[in-house]
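What you see below is based on every heavy atom in this structure, not just the backbone, and it leaves out hydrogens, waters and symmetry mates. For this chain, numbers begin at 1 and follow the sequence in order.
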Amino acid sequence: MLQSIRNNTQSLFAKILVGLIVIVFALWGVDAIVGSFNGPKPAATVNGEDIDELKVQRAVELKKRELYSRFGESFDPSLIDDGLLRNAAVEELINRSILSSDANEQGLSFSDQALDTMILSAPSFQVDGQFSQDAYDSAIRSLGYTRVSFRDMVREDMMVGQIRGSLAGTSFVTEKEANQLAKLEQQRRDYAFTTIARAAMEDSMELSDDQIDQYYQENSQQYRTEEQVKVEYITLSIDDFTDKVELSEEDIKALYDQSIAEMEVTEERKASHILVMVDDETTEEAAVEKMNSIKARLEAGEAFEDLAKEFSEDPGSAQQGGDLGFAGKGTYVEPFEEALFAMNEGELSEPVVTKFGVHLIKLVDIRTQDIPSYEEMKPRLEQDLRLAKAKTEYVAAGEELANSAFSADTLQEVAKELSLQVVTSELFTRDGGADQVTSDPQIVNQVFDQDFIEEGRSSNLIELSDEQSLVVRVLDHVIPETLPLEEVKEQVISGLTKKLAQQKARDLADELLDHLRNGKDLSSFELVSDLSWSVIEQAGRTNSDVNASINNKAFTIGLAENQKSFDREVLANGDVVVIRLDAIHQVTDLDEQDLDTAQQMLANQLARSEYQAYQKSLKDRAEIER
């Protein structure tokens, strides 16, 4: 196949095609051909605004943490389908983006002061009942946020919450509705039930050959072989390249020098500040003038901490004497950061204007990482360098494998050309095969794709992880077929027996209902022996002592005037339960708490319904690209 391609490149058509490519390269450069592949593709676009992959990854991580928090040590991350989790995260971010845009269009806002108050009172950021700057920084960094980006996220949440709150605020429930719900919730019922077991009917079933054959024909889909495929695949692993990497001492020393240079640049600065906010009552000029007077008092010898407690309008730091703790670049808004990182230790800034107001900044301390020696860092640097070079070779090999597999008729050709190994699987179903590759959901979805099977080609390069990828090809496809009756006769008889037994149990239950509704006793019903009533008194809607299906059904039966009422319920196991309703006990006196609870429940349900409808209407009008 490869030789055929080489031969065909001598044709007139091929020469014209190559000539066109050369012209494109000459006029517009490589980007004209591959430009569309540069840069990461957004996970989704909502009304022209991109949702980048970083936000999706952060949302997925938060979902995993929520699951771990809910289930504790019993939570097994390996059971989570990352694809489903990612899809859910993308949908949530799309909804959030739509609602955030709507909030901005409506002119909704959330003040800095309210935001600060919320952050200060959050239990996650407190130590011994007091707000801790270190706990705050540690928590938000673990989620991938800076102080600025975290505040932006919380502000957006609060603005979206205002929409939800406004809809909830317009929902109302009347006292009569609440009264009715409360009475229904607290209603008690006396009932009895008896069970006609499906299994007891099976012994009396006599099946004819015609019945068996008809049931087999009508349910032939249940007696089919499973679809199967056999595949061959070639895998690449970064481990295949790691041990082959050759490193020189010069390479390791160069990486050490680079790492040290980055460490020297990476520093954290401890700042304290005093903030005077600019608002309708205080202009920027007035705030700067006030800050200059505060600075004069500092230069006269007064303590920064005392003046911060007296004048600072930043609730997050004022009571700590303006202390903001240590932080690196990228933490503060740009004017504040520029001023802070231009100062010397112990220096006091001029008034700095930001979107939060006017600041006076004091640089309290500077800390940098201790610089380890070459010998201390060498083992890690060698490992990092080896991995980086192996990664480069791994990526290049992946591209070569993908290109060769695309051109070849079989993966055997590719393996021979690239000195790789082909693995051939046994037949396996959609449940997956016996090894890591054929049991991977991504691979299973690929090889059972009908178009992929019909095309008979090798796949594109599939990444199983950051360090392992492969190409796969279907060798054999076993189409499902109906098994002959002789092979599945026992299964057919079992299925038919259960079906007829359940129907007989239902028919008997219907006859029993007629019997009871005509005023006759259970003991006089001769079609089923040994029936007796199980009596339940004063049952509530959540009665854990009785099968939930039975209890729920008992609360749907209306009480007939001057006589008992009857109905039946089919259970999941095929048993049929006949229920006799004896009495309904209504609550006459409701206390205020019961009414308030019922009213709040109805209001929440109504608000949730209206919010979902509003959200759907926005989503229907939005332009969404996934």
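For E49, there are no side chain to side chain donor-acceptor pair (under 3.5 Å) partners, not counting sequence neighbours. In this structure, the side chain to side chain contact (heavy atoms under 4.5 Å, CB included) partners of Q446, at least two apart in sequence or on a different chain, are F452, S459, I462, V472. Every side chain to side chain donor-acceptor pair (under 3.5 Å) that R147 has, sequence neighbours left out, goes to D137, Y332. Contacts of D306 classified as side chain to side chain donor-acceptor pair (under 3.5 Å), with partners at least two apart in sequence or in another chain: none. Shown here are the side chain to side chain donor-acceptor pair (under 3.5 Å) partners of D251, two or more places apart in sequence or in another chain: S248, K389. Taking the ring-ring contact (aromatic ring centres under 6.0 Å, His included) definition, one finds that Y374 meets it with Y256, sequence neighbours left out. In this structure, the side chain to side chain contact (heavy atoms under 4.5 Å, CB included) partners of S132, at least two apart in sequence or on a different chain, are V127, D134, A135. For the side chain to side chain contact (heavy atoms under 4.5 Å, CB included) test, residues two or more places apart in sequence or in another chain that qualify with E91 are I94, K619, R626. Here A397 pairs with L236, F241 under the side chain to side chain contact (heavy atoms under 4.5 Å, CB included) rule; sequence neighbours left out.
Residue-environment remark: CD (E347) exceeds the threshold of 12 foreign heavy atoms within 6.0 Å. Few gaps surround CD on E299; more than 12 heavy atoms of other groups in view lie less than 6.0 Å from it. Sparse packing is recorded around CD of E289, with 12 or fewer heavy atoms of other residues, nucleotides or ligands lying under 6.0 Å away. Within a 6.0 Å radius of CD in Q106, other residues, nucleotides and ligands contribute more than 12 heavy atoms. Within a 6.0 Å radius of CD in E310, other residues, nucleotides and ligands contribute more than 12 heavy atoms. For CD of Q383, the number of neighbouring non-hydrogen atoms (other residues, nucleotides, ligands) closer than 6.0 Å is 12 at most.
Annotation: the span from L340 atom CG to E337 atom CD amounts to 7.5 Å, rounded to 0.5 Å. Distance CZ/R386 to CG/L247: 4.5 Å, rounded to 0.5 Å.
Heavy-atom minimum distance, V160 versus S100: CG2-N, 4.0 Å.
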Exercise for the section: Kindly indicate, with the supporting measurements, whether the criterion side chain to side chain contact (heavy atoms under 4.5 Å, CB included) is fulfilled by S272 and E305. Expected result: CA-CA 8 Å; S272 293; E305 292 79 5; 5.6 Å; no

**Report entry** From CA spacing to verdict: salt bridge (Lys or Arg N to Asp or Glu O under 4.0 Å), D384, R380
**Finding:** CA-CA 6 Å; D384 291 348; R380 183 177 66 80; 3.0 Å; yes

- [ ] Assess whether salt bridge (Lys or Arg N to Asp or Glu O under 4.0 Å) is satisfied between E350 and K295, documenting all intermediate values.
- [x] CA-CA 8 Å; E350 295 297 325; K295 184 179 181 184; 2.6 Å; yes

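For residues 391-403, the set of pairs meeting the side chain to side chain donor-acceptor pair (under 3.5 Å) definition, not counting sequence neighbours, comprises Y394-S469. Among residue pairs with one or both ends in residues 269-292, those qualifying as ring-ring contact (aromatic ring centres under 6.0 Å, His included) are H273-F336, H273-H359; sequence neighbours excluded.
Remark: E249 engages K378 in a salt bridge, criterion side-chain N to carboxylate O under 4.0 Å. Between D620 and K616 there is a salt bridge, with a side-chain nitrogen of the basic residue lying less than 4.0 Å from a carboxylate oxygen of the acidic one.
For the 3.5 Å distance criterion, the side chains of S101 and N104 fail to qualify, holding no donor opposite an acceptor.
Under the 6.0 Å distance and 45° angle rule, R269 does not count as a cation-pi partner of F326.
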Using residues 277-285 as the side-chain source, report each donor-acceptor pair under 3.5 Å to any protein atom, sequence neighbours left out, with the distance given to one decimal.
| from | atom 1 | to | atom 2 | distance (Å) |
| --- | --- | --- | --- | --- |
| D279 | OD1 | E281 | N | 2.9 |
| D279 | OD1 | T282 | N | 2.8 |
| T283 | OG1 | A286 | N | 3.1 |

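Here the side chains of I443 and L470 are in contact, with some heavy-atom distance below 4.5 Å.
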